[in-house]
Amino acid sequence: MEFTPFETALKYHLDKRAEEDPQFAASYAKPNKSLEECCKYIYQEAEKANKTKQKVMGVKGEEVIGLAIHYYDEDDIVVNGPKNKVEAVQSSTPETPATPEQATPETKRKTRKPRKPKVEVDPNIPEPLDIPIF
């Protein structure tokens with residue numbers, strides 16, 4: 001089965017949560033639940049939350065994971081899917097890991113080279129003139 005990047009990321013987080021929490025693992029293994037339907041539910045709920053009816057909106061990663069967990073925990077959720085076109089876009093700012101051990105080279109800040117000191121200009125020397133050459 002081919003997953004979209006959004007589904008792959010969501011599956012990764014849900015699998016990790018299921019390993020850590022046996023109660024969620026039981027909910028996650030329900031036969032009447034699917035990752036595709038879970039994504040539709042998340043899109044549907046994000047669309048409902050868009051009270052201003054803007055064309056573009058964003059949802060934080062924590063909210064997405066929370067909606068996914070809610071989808072798997074509840075049995076009476078009805079999924080109609082989103083009414084509008086939905087695209088999942090990765091955040092431009094990487095989330096920082098909770099502990100330093102989880103930091104990868106990509107999430108660590110790059111160190112900048114120190115700037116060269118500015119050359120002091122002697123106030124007795126006049127600025128060069130812009131003289132056009134004919």
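The structure presented is a predicted model; accordingly, all values stated were derived computationally and were not measured. These values consider heavy atoms only, across backbone and side chains, with no hydrogens, waters or symmetry-generated copies.
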ask   = Does the pair Glu19/Lys16 count as a salt bridge with the N-to-O cut at 4.0 Å?
value = no
List the atom pairs, with distances to 0.1 Å, where a side-chain N or O of residues 24-32 and a protein N or O form a donor-acceptor pair under 3.5 Å, not counting sequence neighbours.
unit_1	atom_1	unit_2	atom_2	d
Ser27	OG	Asp73	OD1	3.2
Tyr28	OH	Asp15	OD1	2.8
Lys30	NZ	Tyr72	O	3.2
Lys30	NZ	Asp73	O	3.3
Lys30	NZ	Asp75	OD1	2.8

Do Glu37 and Ile77 touch side chain to side chain, with heavy atoms closer than 4.5 Å?
no
Scanning both residues in full, the closest heavy-atom pair of Tyr71 with Lys33 reads O-NZ, 2.8 Å
One should read off an interatomic distance between Leu67 CG and Tyr43 OH, to the nearest 0.5 angstrom, of 12.0 Å
Sorted by chain and residue number, the side chain to side chain donor-acceptor pair (under 3.5 Å) partners of Glu63 (sequence neighbours excluded) come out as none
Non-hydrogen side-chain atoms of Ile42 and Val59 separated by less than 4.5 Å:
no
Separation between OG1 (Thr4) and CG (Leu10), nearest 0.5 Å, reads 9.0 Å
In short, Glu7 meets Glu2 closest at the heavy-atom pair OE1-O, 4.3 Å
